[in-house]
> 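What follows is a structure written as structure tokens; I'll ask about it next.
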Amino acid sequence: MASTPARDPFVLAEERRVEPAPAGVPPLPAVEVHDLTVAYRTQPVLWDIDLQLPEGKLIAIVGPNGAGKSTLLKAMLGLVPPVTGWVQIFGEPYARRRSWVGYVPQRESVDWDFPTSALDVVTMGVYGRVGWFRRPGRHHREAALACLDKVGMRDFAHRQISQLSGGQQQRVFLARALAQEARLYLMDEPFAGVDATTERAILTLLKDLRSHGRTVVAVHHDLQTVAEYFDHVVLLNMRLVAAGPVATTFTPENLQRTYGGRLTALTQATEALLQKRSVEGPPNPGQEPPWS
Amino acid sequence: MELSFTARNVLIGATLLGGLGGMLGSFALLRRQSLLGDALAHAALPGVCIAFLLTGSKSPLPLFTGALAAGLAGALLILATVRWSRIKEDSAIGIILSVFFGIGIVLLTYIQKLPAGNQSGLDKYLFGQAATLVVEDLQVMAVLGAIVLAVVLALFKELKLLTFDSGFAASIGLPVRRLEVLMTLLLVVVVVVGLQTVGVVLIVATLITPAAAARQWTDRLGAMVALSAGIGAAAGVVGSLASATVPRLPTGPVIVVVSSTVLILSLLFAPGRGLLWGLLRERQVASRIRRENLLKDLYRLGESGEGGDGGDGEDSWASWPDLMGVRGQSGGELERSVRRLIAAGLLERRGDSLRLTPAGLEAAGNVVRKHRLWEVYLTRRLDLAVDHVHRDAEAMEHALSDEAVDHLEEILGHPEVDPHGRAIPPRRQLRERRTA
């Protein structure tokens with residue numbers, strides 16, 4: 001069989017394109033969470049979450065430790081069963097939209113001493129398309145290489161993964177998600193513990209994805225960069241505190257409600273916010289329609 | 001060598017078992033389930049006894065079935081304990097292992113007191129007795145082995161993903177729980193296959209030892225699984241041949257001794273991961289540090305010879321005793337460093353005196369740069385006292401990369417002197433002096 005040239009990972013596969021909504025009909029949200037409650041054993045970690053996330057935006061999930069940020073992401077992926085409520089991805093249950101979703105787990109969730117190479121890990125991103133009993137072919141491997149290239153890791157394709165720095169490992173995980181050729185990317189702390197080069201590489205990648213109409217939902221821990229990196233924000237502390245465009249939602253009052261008395265984090269975020277506003281001028285509410 | 005019928009049976013059985021154990025053991029090792037294999041083996045013992053009590057038969061099929069059922073029951077009980085109680089996995093494994101093994105020993109003792117019990121031969125399941133393998137045993141082993149091999153080959157990609165990242169596997173729709181049960185099932189099968197040959201107590205070694213040895217030699221899962229199976233099979237061959245030639249040598253324990261020897265050799269000598277390589281690397285680093293220190297010492301001797309202004313002392317020759325006095329290293333070590341540096345064109349020797357070549361001056365200046373910039377960083381940014389920073393800088397000068405130190409220089413605003421008032425040679429000046 002002749003090998004087809006590797007596709008640009010940013011060009012969406014035919015089967016994942018949807019017709020634009022006809023005039024007058026509101027577009028499908030990328031993610032819709034309805035009345036979701038999740039518990040580990042008898043301990044509830046998420047209460048009555050109602051949420052609609054629009055397509056084509058970079059969206060941060062923000063909240064204090066133990067707020068249920070990762071759990072919310074895992075509930076969207078169907079990895080933790082809800083006690084009540086449901087999640088839909090582009091209007092369908094996750095099980096019917098798997099191939100539309102790319103997932104970047106927390107870097108610490110795997111053993112990086114596993115005997116495999118960076119390219120091999122990225123190739124795992126195409127397993128969902130390869131199907132049972134079959135091995136990934138040469139064009140799959142080339143697609144994986146193209147994804148490594150997008151995160152600046154092509155030269156490290158054949159490195160054993162334990163020989164990569166933390167930031168490089170994170171980029172390998174991102175490349176694997178790219179290889180899934182998804183419309184929606186769910187990322188658990190992609191910026192956690194990475195070097196400056198990787199942080200820039202990830203940011204460029206996220207903006208690239210957005211300019212191609214993709215949606216990114218990322219758990220984010222650094223309040224100081226929320227306003228700079230993301231369009232929308234979901235403030236979470238077991239319950240949903242607020243969700244919407246950064247300009248109108250990422251406010252000191254909402255942060256106060258999310259973080260309660262943890263003042264250090266609050267002060268930092270407020271400072272960062274004020275700095276940004278003084279540079280860009282006040283946010284213009286007319287530019288971006290309020291959204292919830 | 002002419003092998004007896006029994007010896008041939010042992011050879012086939014031990015090789016089959018070694019290969020299967022090594023193959024599946026790789027996954028068990030990477031999934032951190034080494035102890036689970038041990039627990040399953042111990043849990044199988046009461047199954048063998050109960051099957052004998054129920055059927056009164058010594059033929060392999062009922063005993064295999066009993067062992068399989070009890071092993072599975074043990075595995076499921078461990079999973080259930082972890083899921084439904086607050087007991088953690090390691091404790092659950094310990095509990096199930098000892099409870100099942102205890103029941104097994106009680107039943108075994110009871111059976112041996114029965115009139116027919118003496119001839120039952122069930123005690124071979126404790127430490128294994130390969131010589132009792134009959135053709136029927138080998139047939140059962142071969143069929144089960146073929147099933148395990150087929151499953152691993154067909155699901156290799158899925159098992160790899162499951163082992164590496166089960167969360168991601170679940171997100172793309174792999175039935176993670178069912179695959180985990182399947183892996184445990186395969187583990188039980190291999191353990192049961194090996195009970196008669198190696199015994200309850202040692203069977204875990206045929207799973208884990210070849211896998212741990214194979215891991216030292218390769219960074220590819222496929223290669224590791226194949227190599228592990230190979231090591232296991234080879235240990236089976238060596239073990240069975242040894243027990244066939246040397247009288248009264250037990251096969252199972254010999255197999256374990258052989259694979260353990262391979263493991264120890266691998267841990268010591270495997271390229272990259274072996275302890276010996278670690279030592280070698282350490283020595284290389286130590287010798288590089290000695291050479292860098294020598295360069296730096298020469299630079300500083302030159303500085304003080306010229307009144308300490310910025311290392312203009314490239315024309316000054318340093319004497320051997322002077323250099324030995326700087327940091328009390330042995331003459332032999334110094335001689336080795338000097339020879340390597342001369343060979344690299346960084347140093348020249350005239351009689352008993354040494355001096356830096358232009359290239360050597362640049363290299364030495366670079367080390368000094370790193371040292372002094374780090375001292376500035378510590379005093380300015382971390383507010384450390386001037387007399388506290390030298391020792392730290394002695395270590396960092398060998399660890400900082402050129403890019404990192406350039407970045408550091410920029411952050412600090414290109415300082416010209418260190419906290420002790422000595423000049424920090426700028427990189428540009430160092431390069432110009434060499435080309436001049």
Side-chain angles (χ1 to χ4, degrees), chain A residues 41 70 73-74 76-80 94-99 101-121 123-136 140 158-163 172-173 176-177 179-180 182 185-186 188 195-197, chain B residues 26-27 29-33 82-86 150-179 182 211-228 270-273 401 403-404 407 411:
Chain A
R41 294 182 184 282
S70 290
L73 209 65
K74 286 184 177 147
M76 291 176 183
L77 288 157
L79 296 181
V80 292
Y94 177 76
R96 297 180 60 179
R97 288 285 193 239
R98 273 184 218 292
S99 63
V101 180
Y103 175 39
V104 181
Q106 268 181 40
R107 182 159 56 87
E108 293 81 29
S109 67
V110 304
D111 173 15
W112 288 93
D113 196 36
F114 192 83
T116 193
S117 66
L119 178 61
D120 215 28
V121 172
T123 310
M124 290 173 188
V126 306
Y127 281 11
R129 294 202 293 281
V130 175
W132 289 89
F133 307 119
R134 274 186 290 174
R135 301 280 160 98
H140 289 125
H158 299 289
R159 276 282 175 92
Q160 204 266 323
I161 52 174
S162 70
Q163 290 163 12
V172 168
F173 259 15
R176 180 176 70 175
Q180 294 183 271
Y185 289 91
L186 301 178
D188 205 341
D195 51 284
T197 318
Chain B
S26 299
F27 290 100
L29 182 86
L30 293 171
R31 286 164 53 77
R32 294 156 201 252
Q33 289 193 328
V82 174
R83 214 166 146 197
W84 304 113
S85 78
R86 287 180 183 274
V151 171
V152 169
L153 285 181
L155 295 181
F156 187 77
K157 162 169 113 307
E158 284 75 15
L159 295 179
K160 174 159 81 175
L161 183 52
L162 176 79
T163 309
F164 174 61
D165 191 347
S166 60
F168 186 81
S171 84
I172 66 165
L174 288 187
V176 164
R177 178 128 313 145
R178 260 177 269 169
L179 283 173
L182 177 72
R215 178 68 188 92
Q216 308 306 316
W217 297 92
T218 173
D219 279 331
R220 293 286 178 276
L221 181 63
M224 174 180 167
V225 173
L227 188 59
S228 174
R273 293 176 82 93
S401 70
E403 300 83 65
H407 188 56
I411 292 175

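Throughout, a chain's letter reflects where its sequence line sits, starting with A, and its residues are numbered from 1.
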> At what distance, to the nearest 0.5 angstrom, does CG of L161(B) lie from OG1 of T123(A)?
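It comes to 11.5 Å.
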> Heavy-atom distance under 4.5 Å to chain A: side chain of L221(B), backbone, both or neither?
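L221(B) touches chain A through backbone and side-chain heavy atoms alike.
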> Report yes if some heavy atom in the side chain of F164(B) is under 4.5 Å from a heavy atom in the side chain of D120(A); otherwise report no.
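Not in contact.
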> Other residues, nucleotides and ligands only: do more than 12 of their heavy atoms fall within 6.0 Å of CZ on R32(B)?
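At most 12 heavy atoms, drawn from other residues, nucleotides or ligands, come within 6.0 Å of this atom.
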> To check you understand the geometry: which heavy-atom pair defines the closest contact between L153(B) and R135(A), and what is its length?
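Distance-wise, the nearest heavy atoms are O-NH2, 3.1 Å.
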> At a 4.5 Å cut-off on heavy atoms, which part of V121(A) comes close to chain B: side chain, backbone, both, or neither?
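Contact with chain B is through the side chain of V121(A) alone.
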> Specify the closest pair of heavy atoms between E158(B) and G131(A), including all atoms of both residues, with the distance to one decimal.
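In terms of heavy atoms, the two residues are closest at OE2-O, 3.8 Å.
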> Could you pull out the closest heavy-atom pair between P115(A) and L30(B), with the gap in Å?
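So the two residues come closest at CD-CD2, 3.6 Å.
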> Step by step, would you call V130(A) with K157(B) a side-chain contact (heavy atoms from CB on, under 4.5 Å)?
CA-CA 10 Å; V130(A) 175; K157(B) 162 169 113 307; 3.7 Å; yes
> Where does S166(B) contact chain A at under 4.5 Å (heavy atoms): side chain, backbone, both or neither?
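When you check distances to chain A, no heavy atom of S166(B) falls under 4.5 Å.
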> Heavy-atom distances under 4.5 Å only: say whether Q163(A) touches chain B with side chain, backbone, both or neither.
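Looking at Q163(A), just its side chain touches chain B.
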> Is chain B contacted by the side chain of L186(A), its backbone, both, or neither, given a heavy-atom distance below 4.5 Å?
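It is neither, since no heavy atom gets under 4.5 Å.
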> Rounded at 0.5 Å granularity, tell me how far OG in S117(A) sits from CG in D219(B).
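Answer rounded to 0.5 Å: 9.5 Å.
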> Would you mind reporting whether Y103(A) and D165(B) have side-chain heavy atoms less than 4.5 Å apart?
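Contact flag for D165(B)/Y103(A) side chains = no.
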> Side chain, backbone, both or neither: which part of R273(B) has a heavy atom under 4.5 Å from chain A?
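Just the side chain, heavy atoms under 4.5 Å.
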> Mind listing the side-chain donor-acceptor pairs of residues 168-177 of chain B below 3.5 Å, one per line with the distance, residues two or more places apart or on another chain?
unit_1: S171(B); atom_1: OG; unit_2: F168(B); atom_2: O; d: 2.8

